[in-house]
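Here is the structure we will look at, set down as structure tokens.
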Amino acid sequence: MLSKSQELFERAQSFIPGGVNSPARAFKSVGGTPVFFKKAKGSKITDVDGNEYIDFVGSWGPMIIGHAHPAVVKAVQDASFNSTSFGAPTEIEIKMAQLVQGMVPNVEKVRMVNSGTEACMSAIRVARGYTGKDKVIKFEGNYHGHGDSFLIKAGSGALTLGSPSSPGVTEGTAKDTLIADYNSLESVEKLLNENEGNVAAIILEPVAGNMGCIPPVEGFLEGLRKLCDAHDVVLIFDEVMTGFRLSRGGAQERYQVWADLVTFGKVIGGGLPVGAFGGRKEIMAVVAPEGPVYQAGTLSGNPLAMHAGFTQLSILDRHPEYYVELEEKAEFLAKRLRAVLNQHGVRYHMNQVGSMMSIFFTDTEVIDFNTANQTDQEFFRKFFHEMLKRGIYLPPSPFESWFLATTHTEEMLDNTIVAADDALGAIKPRD
Ligand SMILES: *Cc1c(COP(=O)(O)O)cnc(C)c1O
């Protein structure tokens with residue numbers, strides 16, 4: 001008999017491309033049927049068949065204080081009675097901008113958008129408009145949403161020009177995106193020298209989370225800051241995943257390196273569709289209507305989204321101890337998982353920064369796209385499904401970060417370790 005999830009997935013595929021509204025949900029990298037959910041509370045998530053899981057996806061990051069936090073739910077409910085949208089300014093937008101500025105001091109001015117994708121697309125347009133230059137450097141394996149300029153992979157051979165990584169992206173767009181290697185200042189310097197005077201911005205995930213969790217090596221962020229200053233390039237930190245997660249002030253505060261522009265998403269919206277980009281006043285001054293760089297949105301600064309985001313951020317702002325607790329939980333989980341993996345003789349490399357972590361099934365240290373790609377995907381696939389069977393919902397891809405929430409209890413983490421021990425016992429070890 002088909003499970004309800006299987007039934008829904010079949011139905012979904014008749015009406016929605018691939019049955020999902022975003023490809024990462026489709027279980028392509030792990031196989032099987034995506035789980036359809038109906039409700040969640042804290043870090044417990046319940047599927048349409050009534051199975052309960054401990055959730056380490058957290059909607060891919062936003063749910064840092066758990067699902068359906070009572071204050072966030074109430075804020076959305078209350079706001080909805082006064083209309084779900086005006087398309088005109090409201091006071092909550094000012095409160096939100098002020099709160100973001102208070103938590104991330106170098107974001108002197110901020111513009112709200114509806115997704116991380118929009119935030120990153122807009123940030124590079126602003127950088128180009130501000131500098132009058134065209135090219136942008138990004139890092140292989142970093143994700144900045146699905147804007148055309150970012151769906152570019154390294155060109156083949158000696159060519160430094162990028163090439164489209166998706167049909168529908170033109171060669172014309174690709175030629176303005178240059179691809180560097182993560183954690184390699186050398187690769188950046190080379191591109192800057194070859195394209196002297198033509199690079200508007202360097203954009204990166206200050207801690208990579210979209211090729212699994214990969215922290216910056218010592219000196220990498222500082223080095224980029226120096227290179228940007230020397231070459232008159234706008235440094236953009238894409239903190240869509242790390243913002244308000246790795247600390248109150250995100251990766252910038254954690255590493256004490258300050259970008260010129262910063263993009264946000266995920267945590268900033270408390271689970272509603274919110275993105276934002278902001279930074280130095282004189283750069284943000286080019287944004288319309290203050291300046292000539294066009295950027296707009298009918299639903300930008302939407303009242304429900306702003307109330308949800310403002311409420312979640314206020315809670316984080318008032319509870320700096322949450323970040324200490326999140327880190328302790330992640331370290332506890334990582335330490336116990338290491339013990340279990342060692343016990344089972346699994347070869348792995350684990351990366352953990354704050355409440356983000358990933359296990360790579362490989363012998364080598366994972367510092368960039370190439371080393372991440374050496375992970376044994378087949379082993380991950382088995383591990384994922386054995387964990388799922390035991391009530392642990394991990395990101396359905398070896399190239400995603402697991403996220404801890406304040407609502408993960410010690411008992412949940414204990415249960416996760418027991419499940420991992422059991423799961424690894426059920427999988428034949430790698431040769
Ligand atoms: C998720 C993510 C994005 C895209 O955000 P969406 O809201 O999915 O458009 C961009 N950058 C990073 C670092 C992300 O993790």
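For ligands, and for the atoms within them, numbers begin at 1 and follow the listed sequence. What's counted below: heavy atoms across the whole structure, side chains too, no hydrogens, waters or symmetry copies. Please read all numbers here as calculations on a predicted model, not as lab measurements.
- Checked against a 6.0 Å centroid threshold, the rings of Tyr182 and Phe220 count as neighbours.
- Less than 4.0 angstrom separates some heavy atom of Met241 from each of these atoms of ligand 1: 15 (O).
- If you check which protein heavy atom lies closest to atom 7 (O) of ligand 1, you get Gly116 N, 2.8 Å.
- Residue contact check: Glu205 has heavy atoms under 4.0 Å from atoms 13 (C) of ligand 1.
- Closest to atom 9 (O) of ligand 1 among all protein heavy atoms lies Thr117 OG1, 2.6 Å.
- Residue Cys120 has no nitrogen or oxygen atom sitting less than 3.5 Å from a nitrogen or oxygen atom of ligand 1, judged on distance alone.
- Close approach to Ser115 involves these atoms of ligand 1, each under 4.0 Å from a residue heavy atom: 7 (O), 9 (O).
- A salt bridge does not link Lys39 to Glu52: none of the charged nitrogens lies less than 4.0 Å from a carboxylate oxygen.
- Contact between Lys266 and ligand 1 is present, with at least one heavy atom of the residue lying under 4.0 Å from the ligand.
- Remark: minimum distance from atom 3 (C) of ligand 1 to any protein heavy atom is reached at Val240 CG1, 3.6 Å.
- Judged by distance alone, the side chains of Asp55 and Ser43 never bring a donor and an acceptor atom under 3.5 Å apart.
- Contact annotation: for Asn210 versus ligand 1, heavy atoms closer than 4.0 Å belong to the side chain alone.
- Note that NE2 of His408 is 8.0 Å distant from NZ of Lys329, once rounded to the nearest 0.5 Å.
- Near Asp238, with a cut-off below 4.0 Å to any heavy atom, the atoms of ligand 1 are 10 (C), 11 (N), 12 (C), 13 (C).
- Looking at Leu313 and Ile268, their side chains come closer than 4.5 Å, going by heavy atoms from C-beta outward.
- Counted by atom type alone, Ser355 and Arg245 present one or more donor-acceptor pairs between their side chains at under 3.5 Å.
- Checked by atom type, the side-chain pair Thr90/Glu93 shows a donor-acceptor distance below 3.5 Å.
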